[in-house]
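To keep things clear, I will list the structure first and then write my remarks on it.
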Amino acid sequence: MIENKIEFYHSKGKLFLGIIFSLLLVVFGTLIMYIAYIEEAILIIALALFIMVLFSFFTIANILKIFRGYPYITITDEYLQLYSYTKSEVTIYFTDIEYIKVSKVSSQSIFEIVLYNEGDYFAQLSFHNKVRLCMNRVTGYSPFTINPKATRKQDRSRLLETLNLIMQQ
């Protein structure tokens with residue numbers, strides 16, 4: 001059986017802006033750490049170090065997304081796959097999807113994928129994914145979300161049409 005497969009990729013422009021912004025915050029953290037070191041403020045040094053490490057991870061993650069070129073979303077006849085070919089990969093079968101809900105977060109629309117057995121899917125995730133998706137659960141959102149604005153602009157309408165077809169099944 002030949003399977004229909006549609007892939008949606010990250011917007012390289014947004015990833016590039018994310019890299020620039022993250023690098024600026026790393027430089028800002030370095031500046032704060034230098035000033036705090038001169039002033040001998042231990043708490044501020046710890047805060048600056050936290051900012052530097054956190055945004056260094058964001059920078060590295062965005063650089064990897066640009067150079068690896070893996071799809072953000074892969075949709076086939078049977079399943080939807082987020083972060084394909086990465087450590088964060090999640091495969092969600094259409095039969096396990098209860099519904100897809102559109103939510104507003106910081107003036108952005110996101111698609112929450114609500115599953116019948118969400119706990120089972122969450123238990124199968126790697127530790128890395130559990131940490132990454134923990135805040136979604138704490139704030140009451142489904143751990144599995146799709147941000148259409150993270151995809152390429154020319155692919156967004158096709159993504160919305162495909163998600164609409166999934167919701168109608």
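Positions are given from 1 along the sequence. These figures come from a predicted structure and were not determined experimentally.
Closest of all the heavy-atom pairs between Tyr116 and Ile97 is CE1-O, 3.6 Å. Closest approach of Thr91 to Gln81, counting heavy atoms only: OG1-NE2, 2.9 Å. Of all non-hydrogen atoms in Ala48 and Gly29, the two that sit nearest each other are CB-O, 3.4 Å. Residues Thr145 and Leu82 share a closest heavy-atom pair of O-CD1, 4.1 Å. In terms of heavy atoms, Ile110 sits closest to Pro148 at CA-CD, 4.4 Å. When all heavy atoms of Pro143 and Asn136 are compared, the pair lying nearest together is O-ND2, 3.5 Å.
Under a hydrophobic clustering in which Ile, Leu, Val, Met, Phe, Trp and Tyr are joined whenever their side-chain heavy atoms come within less than 4.5 Å, directly or via other members, Leu24 and Val27 fall into different clusters. Hydrophobic clustering of Ile, Leu, Val, Met, Phe, Trp and Tyr side chains at less than 4.5 Å, counting indirect connections, keeps Leu160 apart from Leu165. Linking ILVMFWY residues whenever their side-chain heavy atoms come closer than 4.5 Å, directly or via other members, leaves Leu17 and Leu23 in distinct clusters. Under the 4.5 Å side-chain heavy-atom criterion for ILVMFWY residues, a single connected hydrophobic cluster contains both Ile73 and Tyr79. Follow the hydrophobic side-chain contacts under 4.5 Å out from Tyr34 and you never reach Met52; the two are in separate clusters.
Residues Leu80 and Leu163 are in side-chain contact: their nearest non-hydrogen atoms beyond the backbone lie under 4.5 Å apart. You'll find the side chain of Ile92 reaches within 4.5 Å of the side chain of Leu115, heavy atoms only.
Annotation for Glu40: atom CD does not count as buried by contact number, only 12 or fewer foreign heavy atoms lying within 6.0 Å. For Phe50, the CZ atom sits in a loose shell: 12 or fewer heavy atoms of surrounding residues, nucleotides or ligands are nearer than 6.0 Å. With a 6.0 Å radius and a threshold of 12 heavy atoms from other residues, nucleotides or ligands, Lys149 has its NZ atom at or below the threshold.
Put simply, the residue from Ile166, Ile146, Asn147, Leu159 that forms a side chain to side chain contact (heavy atoms under 4.5 Å, CB included) with Phe111 is Ile146.
If you take CD1 on Ile113 and OH on Tyr121, they are separated by 10.0 Å, rounding to the nearest 0.5 Å. The structure places CZ of Phe21 at 10.5 Å from CZ of Phe28, a figure rounded to the nearest 0.5 Å. From Ile51, atom CD1 reaches atom CG of Leu31 across 11.0 Å, with rounding to the nearest 0.5 Å. Between the CG atom in Leu64 and the OG1 atom in Thr86 there is a gap of 10.0 Å [rounded to 0.5 Å]. The NZ atom of Lys153 sits 8.0 Å away from atom NZ of Lys14, with the distance rounded to the nearest 0.5 Å. Note: Met33 CE to Ile44 CD1 = 13.0 Å, rounded to the nearest 0.5 Å.
With hydrogens and angles ignored, the 3.5 Å screen pairs no side-chain donor or acceptor of Lys5 with any backbone N or O of Ile75.
Between Phe55 and Phe58, the gap from one ring centroid to the other is short of 6.0 Å. For Tyr83 and Tyr72, the ring centers are positioned less than 6.0 Å apart.
At least one cation-pi condition fails for Arg68 and Tyr85: the charged atom is not both under 6.0 angstrom from the six-membered ring centre and inside a 45 degree cone around its axis.
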Evaluate side-chain contact (heavy atoms from CB on, under 4.5 Å) for Lys65 paired with Tyr70, printing each intermediate quantity in order. CA-CA 7 Å; Lys65 286 177 188 174; Tyr70 297 144; over 6 Å; no

Could you walk me through whether Phe144 and Leu125 pass the side-chain contact (heavy atoms from CB on, under 4.5 Å) check? CA-CA 11 Å; Phe144 309 108; Leu125 295 175; 4.2 Å; yes

Applying side-chain contact (heavy atoms from CB on, under 4.5 Å) to Phe122 and Arg137, what does each step give before you reach the verdict? CA-CA 10 Å; Phe122 196 78; Arg137 292 193 99 174; 2.9 Å; yes

Evaluate Thr59 against Leu25 for side-chain contact (heavy atoms from CB on, under 4.5 Å), listing each step before the verdict. CA-CA 10 Å; Thr59 302; Leu25 287 171; over 6 Å; no

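A donor-acceptor contact closer than 3.5 angstrom is absent between the side chains of Ser84 and Glu7. Defined by atom type and a distance below 3.5 Å, a donor-acceptor pair is present between the side-chain atoms of Glu112 and Ser103. Counted by atom type alone, Asp155 and Tyr9 present zero donor-acceptor pairs between their side chains at under 3.5 Å.
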